[in-house]
Amino acid sequence: MNFWLMKSEPDVFGIDDLKKNKTEPWDGVRNYQARNFMRDDMKKGDKILFYHSSCSPAGVAGLAEVSKESHPDHTCYDKKNKYYDPKSTKEAPRWFMVEVKFKKKFKNLVTLEEIKNTKKLETMGLVKKGNRLSIMPVSEKEFNTILKLAEA
DNA sequence: GCCAACGTTGGC
DNA sequence: GCCAACGTTGGC
């Protein structure tokens with residue numbers, strides 16, 4: 001079992017949207033490192049911290065889990081789609097995605113500020129300088145610490 | 001809207 | 001393979 005943090009902009013797709021849709025294909029990821037995590041390491045049932053970025057306040061908004069493992073991201077084949085990539089073909093797909101399932105919305109957002117102020121969480125990729133990945137691994141300890149903060 | 005940090009692209 | 005130019009991310 002692995003643990004992950006996935007970023008999303010709530011103006012575009014937030015925890016409430018996931019709650020409403022129940023599941024969501026995580027399409028549009030066009031970063032190789034993030035793609036590799038989805039393609040190679042994310043397994044069904046893995047737990048996900050759903051993070052709201054580019055908003056105020058930014059922070060972990062709830063929990064999700066992987067409901068479908070890696071499969072090609074179809075949005076790169078569609079010329080009209082903003083994620084269209086002519087270098088990715090059906091024969092040799094370049095981009096992959098997983099499907100995520102809603103688990104829980106936190107009563108209280110665990111804000112980025114709180115995370116920064118928590119000693120146990122200073123190892124998180126999220127708060128390391130220069131890390132702008134939209135998907136990143138989280139340790140079980142970090143995951144549980146976030147849960148505690150959410151319940152506090 | 002600004003801007004620092006970083007990834008990607010493309011000419012050489 | 002280098003590196004300048006450009007695009008994107010994301011907190012503030």
Side-chain angles (χ1 to χ4, degrees), chain A residues 2-21 23-42 46-66 70-100 102-139 141-143 145-150 152:
Chain A
N2 291 312
F3 300 87
W4 305 94
L5 180 140
M6 292 173 100
K7 293 181 186 172
S8 187
E9 298 184 23
D11 294 343
V12 181
F13 189 87
I15 189 80
D16 291 322
D17 298 301
L18 185 63
K19 186 176 182 180
K20 199 171 63 192
N21 293 7
T23 62
E24 179 73 8
W26 212 258
D27 60 21
V29 172
R30 294 294 178 268
N31 171 283
Y32 288 102
Q33 255 183 293
R35 178 206 65 182
N36 292 346
F37 287 138
M38 287 203 286
R39 190 190 57 188
D40 305 332
D41 299 322
M42 292 183 89
D46 280 3
K47 302 260 170 72
I48 299 163
L49 298 171
F50 193 100
Y51 180 86
H52 281 175
S53 68
S54 296
C55 61
S56 187
V60 180
L63 295 180
E65 74 174 40
V66 178
S70 168
H71 49 291
D73 178 348
H74 56 84
T75 59
C76 57
Y77 308 135
D78 179 3
K79 269 195 182 133
K80 294 193 197 90
N81 196 291
K82 72 183 272 209
Y83 299 120
Y84 174 65
D85 181 354
K87 289 174 188 156
S88 183
T89 63
K90 287 186 183 176
E91 291 72 35
R94 173 177 289 202
W95 303 111
F96 293 81
M97 62 185 181
V98 297
E99 184 187 82
V100 307
F102 175 79
K103 289 298 278 183
K104 181 178 187 177
K105 181 184 176 179
F106 290 158
K107 277 204 188 80
N108 307 301
L109 191 80
V110 180
T111 63
L112 180 61
E113 195 188 3
E114 259 181 284
I115 292 170
K116 282 181 178 165
N117 289 335
T118 303
K119 194 105 194 41
K120 277 188 190 165
L121 295 176
E122 66 188 9
T123 51
M124 278 185 84
L126 183 71
V127 293
K128 281 189 195 150
K129 197 179 170 186
N131 195 334
R132 294 173 312 168
L133 277 175
S134 60
I135 299 172
M136 60 185 103
V138 172
S139 76
K141 268 189 190 161
E142 290 158 359
F143 185 89
T145 305
I146 296 275
L147 285 193
K148 265 187 209 152
L149 286 176

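We name chains A, B, ... by the order of the sequence lines, and we start the count at 1 in each one.
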> Rounding to an integer number of Å, can you tell me how far A:Glu9 CD sits from C:dT9 P?
8 Å
> Would you kindly give the CD-to-C1' distance between A:Gln33 and C:dT8, to the nearest whole Å?
15 Å
> Does a side-chain heavy-atom distance below 4.5 Å link A:Ile135 with A:Ile48?
no
> From CZ of A:Arg132 over to P of C:dT8, roughly how many Å is that when rounded to an integer?
11 Å
> Using 30° and 60° as the class limits, which term best fits the ring planes of A:Phe3 and A:Phe143: parallel, tilted or perpendicular?
tilted
> Starting from C1' on B:dG7, measure out to CG on A:Asn36 and report it in whole angstrom.
14 Å
> For the pair A:Trp26 and A:Phe50, name the ring-plane relationship: parallel under 30°, tilted 30 to 60°, perpendicular over 60°.
perpendicular
> Looking at DNA chain B, which of residues 120-131 of chain A put a heavy atom within less than 4.0 Å of it?
A:Lys129, A:Gly130
> Give me each pair satisfying salt bridge (charged side-chain N to carboxylate O under 4.0 Å, His left out) with a member in residues 73-82 of chain A, each pair once, sequence neighbours excluded.
A:Arg30-A:Asp73
> Whole angstrom is fine here: how far is it from CE in A:Met6 over to P in C:dT9?
15 Å
> Between B:dT8, B:dA5, B:dT9, which one does the side chain of A:Tyr32 approach most closely?
B:dT8
> Would you check if the side chain of A:Ser54 reaches a backbone N or O of A:Glu9 as a donor-acceptor pair within less than 3.5 Å?
no
> Side chain of A:Leu112: nearest nucleotide among B:dG7, C:dC12, C:dG10?
C:dC12
> Let me check the geometry of the helix from B:dG1-C:dC12 to B:dC12-C:dG1. What is the bend angle between the axes at its two ends, five pairs each, to 10°?
10°
> In whole angstrom, give the distance that lies between atom OH of A:Tyr51 and atom C1' of C:dG10.
8 Å
> Side chains of A:Arg39 and A:Tyr32: any donor to acceptor distance under 3.5 Å?
no
> Within the distance-only criterion (no hydrogens, no angle test), does the side chain of A:His52 pair as donor or acceptor with the backbone N or O of A:Ile15 below 3.5 angstrom?
yes
> Rounded off to whole Å, could you give me the CE-to-P distance for the A:Met136 and C:dT9 pair?
13 Å
> With a 4.0 Å limit, can you tell me whether A:Lys7 has a side-chain N or O closer than that to the phosphate oxygens OP1/OP2 of C:dT9?
no
> Examine distances only and state if a side-chain atom of A:Lys103 and a backbone atom of A:Gly62 form a donor-acceptor pair shorter than 3.5 Å.
no
> Please determine, for the side chain of A:Lys116, which listed nucleotide (C:dG10, C:dC12, B:dT9) has the closest atom?
C:dC12
> Can you find a heavy atom in the side chain of A:Phe13 that is under 4.5 Å from one in the side chain of A:Leu18?
yes
> Rounded to whole angstroms, how far apart are CZ on A:Arg35 and P on B:dT8?
10 Å
